[in-house]
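Report on one structure; see the data block that follows.
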Amino acid sequence: MKFSTEDLIEGIQSGNKRLIGKAITLVESKKAEHRLQAEDLLKAIMPLTGKSIRVGITGVPGAGKSTFIENFGRLVISNDKKVAVLAIDPSSAINKGSILGDKTRMEELAKEENAFIRPSPSSGFLGGVANTTFETMMICEAAGYDYILIETVGVGQSEVLVADITDIFLFLKIIGGGDELQGIKRGIMEMVDVVFINKVDKDNFLKAKSTRLELKRALDFIPPKEKDWKVPVLLGSALYNEGLNEVYSRIDEFITLKKKTGRFEGVRTHQAEKRFEYWVQEYILAMMKRNDSVEEAYLQHKKNASAMVSNPSTEAKLFVEKFLNKKED
Ligand code: GDP
């Protein structure tokens, strides 16, 4: 990395988007030396973080997420706030192709001085991607972004990962379209805080109302995630900029409620603990594999596991015992 940690910190604090981008590339890198520099950087900026509102946004491809973010982002800016847009894209982590990143997205928002858009990281397994996305969010917070919108696609496990790094979760739904496909039966409804039924324009208001009724019924069966919060099901049109103000004020209301009850800090603390656990595992494995003979044993046990020579958990235990050179009591 040709930029010193000091250069990057200064760049972040002065809101220099090019240097913010470089800092993000640094935290996304898996190289050991980059990781070290990333840790120094993150340590230095930590006191500047924590002040944003972290919003997760999900919906099937075509639900209108980028259209929504484009116009919602501009609404945030018109309220004198800065907005950063990040993405967690399961397709890019799994097969290097990308559902979210391939098209030209959010062109108008990208031109705004007070907006920063970062496409999803293209490598790493999904859990890892979510953890570096958290670090990217720290950089954006230190750079003074008030709203961080983290977009993901309604497929795979990515919603769970996004919910683990955000304060509020927004589900964009299109009218009809098959509830199963859109996540009602996949547990998304247990995670959402606000639902926005999109594309309510032209002559489909009546259909939208029946979709809303259906969703509300489904929500009635789900135990409330936040006490005193009934998940609102809003109608609107991202394309024609309708209903976005209401989303903005509902987010505000939800965050205010969570702060009042102590859940805001409570959930963030719990999320941080989970991330700690993730990194403990990452580092243990990385440090173990630094030793050649350990790496060799690791590969051998992994091979045994994959060839079903024995149970994967047995192989994992044998490997760890070999490394620690002792048996479990
Ligand atoms: P994404 O895949 O979820 O990011 O969806 P896009 O934002 O790319 O939108 C998919 C398509 O739906 C595009 O052709 C948009 O113009 C269109 N679209 C998005 N929002 C609306 C809306 O509110 N009304 C209508 N009629 N079309 C919309």
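Here the structure is a predicted model, which means the values were calculated and not measured. For ligands, and for the atoms within them, numbers begin at 1 and follow the listed sequence.
Heavy atoms only, all atoms of each residue included: R263 and K225 are closest at NH2-O, 3.9 Å.
Here atom 5 (O) of ligand 1 lies nearest to G64 when heavy atoms of A87, G64, G59 are compared. Across the listed options K199, M106, E151, K199 owns the non-hydrogen atom lying nearest to atom 17 (C) of ligand 1. Checking I197, N198, N204, T67 against atom 7 (O) of ligand 1, the nearest heavy atom belongs to T67.
Only the backbone of V60 comes within 4.0 Å of ligand 1, counting heavy atoms alone; no side-chain atom from C-beta on gets that close.
Checked by distance only, ligand 1 and G62 come closer than 3.5 Å through their nitrogen or oxygen atoms. Not a single N or O atom of G236, backbone or side chain, sits closer than 3.5 Å to an N or O atom of ligand 1. At a 3.5 angstrom cut-off on N or O pairs, Y240 does not count as close to ligand 1. Of the polar atoms of L239, at least one N or O is found under 3.5 Å from an N or O of ligand 1, judged by distance alone.
Aromatic rings from Y278 and Y283 are positioned such that their centres are separated by 6.0 Å or more. Aromatic pair F68/F196: centroids less than 6.0 angstrom apart.
Set against the non-hydrogen atoms of P61, the atoms of ligand 1 under 4.0 Å away are 2 (O). Listed by number with element, the atoms of ligand 1 under 4.0 Å from a non-hydrogen atom of S237 are 22 (C), 23 (O), 24 (N). Under a 4.0 Å criterion applied to the non-hydrogen atoms of D201, ligand 1 contributes the atoms 22 (C), 23 (O), 24 (N), 25 (C), 26 (N).
At least one cation-pi condition fails for K81 and Y147: the charged atom is not both under 6.0 angstrom from the six-membered ring centre and inside a 45 degree cone around its axis.
Side-chain contact of D164 with Q271: a donor-acceptor pair under 3.5 Å is absent, judged by distance alone.
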Counting only pairs under 3.5 Å, give me each side-chain donor-acceptor contact of residues 250-260, with atom names and distances, residues two or more places apart or in other chains.
from, atom 1, to, atom 2, distance (Å)
R250, NE, E246, OE2, 3.4
T256, OG1, D252, O, 2.7
K258, NZ, D167, O, 2.8

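Remark: N198 engages no residue in a side-chain hydrogen bond (donor to acceptor under 3.5 Å, both in side chains) (not counting sequence neighbours).
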### Task
Show your working on side-chain contact (heavy atoms from CB on, under 4.5 Å) between V55 and I148 and close with a plain yes or no.
CA-CA 6 Å; V55 186; I148 318 277; over 6 Å; no
